[in-house]
Asker: 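The structure's right below; bear with me while I get my questions together.
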Amino acid sequence: MTNNQSNPAVFRFAPSPNGQLHLGHAYSALLNQKMARQADGKLLLRIEDIDLARCSTSLEKQMLDDLNWLGFEWDEKPIRQSERLHAYELALTALKNAGLVYPAFMSRGEIKRFVVEKQKQGIQWPYDPDGAPHYPPQDRLLDDKAKAAYLAEGCPHALRLNMKAALDLISQPMDWLETGAGWNEENGGVAADPGQWGDIVLSGKETPASYHLASVVDDAFSGITHVVRGRDLFWATSVHRLLQQLLGYQAPKYHHHDLVLDDAGQKLSKSNRDTSLAELRASGVTPNQIREMIGL
Ligand code: GLU
């Protein structure tokens, strides 16, 4: 998987400073490092701090300290999503201009009540791969006058992608090259199925750009050629492929890796201090021991 000098492979590790880094993050970062070295490519750091309510500068500092301690060096100055809001705004404008974005006014509670009502009527309401119900169609169907009136009243809203209109615009099927494995061992050419997500959020009430939008814009901006990340984001790749297609970006290759599990077989969480790198460090574990613990 080597690349020539004029077209180096570019990898990235993209953690969110909304909790402490744990062994799962160490695995992802070290696997990126290993694959970047094998490809004679670059390794970049992107700080995904767009969710301002959950991310903090002290967590970011701790995160950078942990990565430093593990021995990471980045080939370019790290980028911080909170400093790139203009780029997400431009992408959002392009999608708006294509007629693919609408304001969505329903709160979580309202969506829930809508779905319960549908289920009472015996209608099977679709859920996305993360287990959230698809957004009801009402707001997508609002006429311009009603929409303008709600907006003029200052009703809180998110901006969502009109999935059906987006899929209608892209006539050819979309796929990606998977060099790791999906939940059902998918590998090689994988067909994207963004429709299973419904009308995704592009910009939230509190976050100026959703994870999907910001990460796709940034991967393109940094010229990322290889996305190496946990299998928990395997299904999200369908949405990423759609956004890349709509925004005219190249698709990177994807490698979804195993998740590091705890003794009970559960995915590690940022709130569990036992496996946090800070805690392991404080108990005298060395970076080499971390590598051994995760088999890298
Ligand atoms: N920021 C995401 C996370 O910490 C990773 C996003 C990605 O690799 O695309 O889970």
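Index from 1, following the sequence. Whatever order the structure lists them in is the order used to number ligands and atoms, beginning at 1.
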Asker: Is ligand 1 less than 4.0 angstrom away from at least one heavy atom of F13?
Answerer: no
Asker: Partners of K61 by side chain to side chain contact (heavy atoms under 4.5 Å, CB included), sequence neighbours excluded?
Answerer: D65
Asker: Can you find an N/O atom of A14 closer than 3.5 Å to an N/O atom of ligand 1?
Answerer: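 A14 vs ligand 1: N/O contact under 3.5 Å present.
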Asker: Any nitrogen or oxygen of R46, main chain or side chain, under 3.5 Å from a nitrogen or oxygen of ligand 1?
Answerer: no
Asker: Can you name the atoms of ligand 1, numbered from 1 with element, that are less than 4.0 Å from a heavy atom of E48?
Answerer: 1 (N), 2 (C), 5 (C), 6 (C)
Asker: Is the backbone of P17 close enough, under 3.5 Å, to the side chain of D49 for a donor and an acceptor to pair up by distance?
Answerer: no
Asker: For ligand 1, which atoms have a heavy atom of Y211 less than 4.0 angstrom away?
Answerer: 6 (C), 7 (C), 9 (O)
Asker: Search all heavy atoms of W69 against all heavy atoms of V285 and return the closest pair with its distance.
Answerer: CZ2-O, 3.2 Å
Asker: Check whether more than 12 heavy atoms from other residues, nucleotides or ligands sit under 6.0 Å from atom CZ of R54, and answer yes or no.
Answerer: no
Asker: Is I290 reachable from V260 through a run of hydrophobic residues whose side-chain heavy atoms are each under 4.5 Å from the next?
Answerer: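 Linked within one cluster.
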Asker: Would you kindly specify which portion of L233 sits under 4.0 Å from ligand 1, judged on non-hydrogen atoms: side chain, backbone, both or neither?
Answerer: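 It is the side chain that touches ligand 1; the backbone stays farther off.
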Asker: One residue to check: R12. Relative to ligand 1, which of side chain, backbone, both or neither has a non-hydrogen atom less than 4.0 Å away?
Answerer: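 Near ligand 1, R12 shows its side chain, while the N, CA, C and O stay back.
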Asker: Can you pull out every side chain to side chain donor-acceptor pair (under 3.5 Å) where at least one residue sits in residues 196-205? Sequence neighbours excluded, please.
Answerer: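 Residue pairs with at least one partner in residues 196-205: Y102-D199, R140-D199.
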